[in-house]
Every structure is written in C-alpha cells, then in structure tokens.
Amino acid sequence: MNDPRRYVVIGGGLAGLAAAVWLAEAGKQVTLLERRGRLGGRTHSLEVAPLRDVPDNGQHVIASGYEHLFRYLTSVGTRQYVSFPQQGVLRWPGGRTAVMGTTGLPALRALVGAHPDASTADRLRAAAATMRMGWQCLRQPRDLADLTTDQWFRRLGMPDTAREALWDWLALGIAAEPVRQESAKVFADVLATGIRLGVKRMRPVSIGYPTTDLDTLFVSGAQRVFDRHGVQVRHRAVARRIRIADGAVTGVELAGGEVEPADAVVCAVPNSYIGGLLDELPEHDQIYSAADKLGYTPIVSTNLYLDRPLGTKAAMEALIGGTGVIDEVFDRQRMHGRGTLNGWLYCLTTSGAYAQIHKPHQAVVDEQMALLRSYYPEAAEAKVLHAQVVPMPRATFSQVVGTDGLRPGQATSVPTLVLAGDWTRTDWSATMESAAQSAAKAVDLLLALPAAGSDHSRSTRTAGSRK
Ligand SMILES: Cc1cc2nc3c(=O)[nH]c(=O)nc-3n(C[C@H](O)[C@H](O)[C@H](O)COP(=O)(O)OP(=O)(O)OC[C@H]3O[C@@H](n4cnc5c(N)ncnc54)[C@H](O)[C@@H]3O)c2cc1C
C-alpha cells in the first residue's frame, strides 16, 4: 500500500461493496460509509424471528450475462452459489403448465412457441416478430424512446400468445414496470446487451438464481475481503455532503457534523438519496433533476411458509394470464435444498406493485394465497404457517417512457469524485449487474488518476477546479 490517498465509498449496497472490494484489491486505503446498521443495500437477508430463518428482502434472479456481478462474486469467493437451471415453468390458472427451456435450442424454441395454445400461424408470426424485434434492438428506430413496450410489441406484430407466454412478463421482469408504462427503449437496450453478450459467448443469456441467502452471497465474502485488506466499515454513518475545494474532494461531512477526510470519493447511493450530497459539485442541479425524474417503482415480495408443498415443477415458475398480482413464484426447497421443518417456503414477487404497495400485510397475504389457490390445485387446502411481506416502495428507479438519457455517467467534473449505483449509466436496466458495472467504471476512473503527489496529479486537480 504505497498510495497515501484516502478513498471513501458512500453506500454499502452492491455498488458500494463492489467499489470498496475492488479499490482494496488495488491496494488503496478504503473507508466505507453506510447509513444503516447492516450492509447489502437492497440485496439482503431478513430474519424471520420466530422461525430463526433468513429469507431475503426479495427474490433476486441473475442473468448469465452479468459479467461484472460475476467478477464481484469471484472477488468475494461466492461464485459457486449461483445456479442456472435448464428450464423454467409457465403456469396458467387451473394448474396448466408449459415447460420453457432456458438454455440452448430449447431456449430458442421458447422464443417463438412457449404457449400451448399457439397455432402454427401464431408461431410463424412470433418468429417473424422476434426477428424484427432483435433487429430493432440493434438498429433502434428513432421513436423507440417515445413508445411503451406494449406499443412496440403491437407495432412489431407480436401475437398475443407469444406476448402472454414470454414477452410481457419478461419485460416486466427486466424493468419492473408494466408494459403499458415501461419504456420500449429500456427493454430494447437490455435485449441488445443480451444479444451482443450471447454472440460474444456463443450461447444465449439464461436466467439463474442464488442457491444461498443474499447476505452469504454478497456481504459475508466482502467482509472477509475488508478484514484482509484493512477496509474500515462505518455503520450508521450518514453522509450529508461531499466537500470539494480547488476542484478536488477533501472529505465527506456526516450527519452530526463530523468530517471523514477523503482524497477520492465513490458516491454509491440510490437516486432517491442523492439530494444534498453533491451540493458542492458544479453540475449538481443537473444530476438532482435527473435523479428526481427517474423516480422509483415499487416491488412487493412475500415469503410464505406453507404447511404443504405447492406441487411446483421447477424452481422458478411464472404465473401467466391471471390478474398479474404475482409475477413469479420461487420454490426455495428446490433452489436452496432446504428442509421443511418450518414448512415449505415460497418467495413471491410482485413487480410494478402500485396497487399492492400500500395494502396491509394481511390483505397482501390473503390476495396472494387466493391467487396461488387458483394456479396450484395442491394449494386448495394449504395453510399459511408464517408470512413475511416486504414492501419496497423505492425498489428501483423507474424506467417508464420519458426517462431515456437521464441516467448520469460515473465521471463528474471533479476527477476525484465518481458516481456509482444501479441508476447511473450502464448497459443494463435497474439490476445488480448495473450496480456492479457502475462500480467497475467508477473504480477504473479513480485508478486511472495520476499517482498521488505527481506533477500531473497537481495539474489535474487545478484543471478540475477551473471546470
Ligand atoms: C425486491 C427487489 C427485487 C429485485 N430483483 C432483482 C433481480 O431479480 N435481479 C436484479 O439484477 N436486480 C434486482 N433488483 C435490483 C437490485 O437489487 C438493485 O439494482 C441493486 O441491489 C442496487 O444496488 P446499489 O448499490 O445501486 O443500491 P443500494 O442497494 O440501494 O445501496 C445503496 C446503499 O447506500 C446507502 N445510503 C444511502 N444514502 C446514504 C448516505 N447518505 N450515507 C451513507 N449511506 C447511504 C443505503 O443505505 C444502501 O445501503 C431487485 C430489487 C428489489 C428491491
């Protein structure tokens, strides 16, 4: 460690953890400031006290193309806790199911023919529309940012069967917004990233899941890296303002007035928490305004412990053609190989949960159980042994029409201040990969700065002060 500069990371979510881990690996002196009493941000485990069980704040799925997230998992030694199943299940009310391949040829087949009621004409139309969609992802029409995903699907001529069985819920999963609100450009950009990665890796991107809780996956390993490299973690340290003088960062002011000295800062807080922190940055108005316009979207997760199995056919099942109250059911027995002493645990996710977010927890549980009963014959007599509802009103920034081009980049006009977080500009939507990718970009910017004390470092600092 021959760099005397102090690197401060604000925010202990995935972006902040990744930035701190990678700076520490590069031999830098790092302090991590986290406003809460725990690390992990929006990806963390939650204890169900009476059961001493630790399900998560919300089921997280992982695309095989999450290159930066896998780099992070490798750094913290938990890469082995991600599994990619060969198939998922689509389920309709009454219990009818269709198996959908997630890798290789079966996955390609699923692109056009996953719906059991699709006619041959439907499948041909779906194939043609899917080709058109792929092409338009890579060569985007000028007006794509003005369209909702729903409008785009209709313009592409995507048949209803293909939309119901695949595209509508995939779009909801990718941007956590219903297709009638979601920006077609957000969806197209993510598909374009997926297509490029698929071509580069010579296999399509598939969807997997953690086989352990989120704390074990993301936090415990980071803590081991921090211990090894002497990273100082300060819990309940609420950053209020990043101090800047002469075009360079000098410290981070905390609630209470204390100043944490800093020579470089990675600001890795979500858009809804950025207000005030950047007041001394010349372009703060622009960033605050973008953060405001990006807003947020709610997700409600429910961890249901039932007295019997639901009779799932796969670890991940998408509920199709219903009210859209739950989009996915995750069978934790299949995913984690867990025992059933506390009952059978199912994690349910409702994305774009505008209608559910303010409901009392019991109402959410009743609604979800009613839905499960209509989809799973085995649930007819099932009893809820325990339920945990996790409403997240600000689950992710919103990706509706009108948000295109708002996400700020990681570099700022002050070279020693960089931004990170899922909402900063990356080639993914609001995802863990976006958080990890933003951290990689932010760290690269800091590591590219001239060495401390060099003439070039002094001239960069002066140039920064003139901006
Ligand atoms: C229920 C749910 C399900 C999801 N499902 C998926 C999924 O399946 N796949 C996927 O890829 N993504 C999913 N996501 C999105 C993913 O969780 C986020 O994109 C990612 O975790 C964001 O990480 P981040 O570090 O950018 O932000 P955060 O995790 O929010 O971290 C920011 C941290 O900054 C701290 N902080 C804020 N202000 C301050 C301050 N002033 N001082 C100090 N600390 C501060 C916060 O306390 C927090 O710990 C889901 C999100 C939710 C909520």
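We're numbering straight along the sequence, starting at 1. As the structure lists them, so they are numbered: ligands from 1, and atoms in each ligand from 1.
Here the CG-CD1 distance, from L170 to I207, works out to 7.0 Å after rounding to the nearest 0.5 Å.
With a heavy-atom cut-off of 4.0 Å, L39 does not touch ligand 1 at all. Under 4.0 Å from ligand 1, not a single heavy atom of S438 appears.
No hydrogens or angles considered: nothing links the side chains of R407 and S438 as a donor-acceptor pair under 3.5 Å.
Taking only non-hydrogen atoms, the option from R42, E433, M432 nearest to atom 12 (N) of ligand 1 is M432. Which of V9, T43, L277, V269 comes nearest to atom 21 (O) of ligand 1 through a heavy atom is settled by distance: it is T43. Relative to atom 9 (N) of ligand 1, the option among T431, V61, D56, T350 with the closest non-hydrogen atom is V61. Among A435, A63, G13, the residue whose heavy atom lies closest to atom 31 (O) of ligand 1 is G13. Considering R236, R35, H60 only, the shortest heavy-atom separation from atom 5 (N) of ligand 1 involves H60.
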Enumerate donor-acceptor pairs with a distance under 3.5 Å from any side-chain N or O in residues 192-199 to protein atoms, sequence neighbours excluded.
residue : atom : partner : partner atom : Å
T193    : OG1  : D189    : O            : 3.0
T193    : OG1  : D427    : O            : 2.7

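Residue A15 places at least one N or O, backbone or side chain, under 3.5 Å from an N or O of ligand 1. In terms of polar-atom proximity, Y273 is not counted as a contact of ligand 1, lacking any N or O under 3.5 Å from an N or O of the ligand.
The residues D422 and R42 are annotated as salt-bridged, a charged nitrogen and a carboxylate oxygen being separated by less than 4.0 angstrom.
Within the 4.0 Å heavy-atom shell around ligand 1 one finds A237. The shortest heavy-atom distance from Q59 to ligand 1 is under 4.0 Å. Ligand 1 is approached by S301 to a heavy-atom distance shorter than 4.0 Å.
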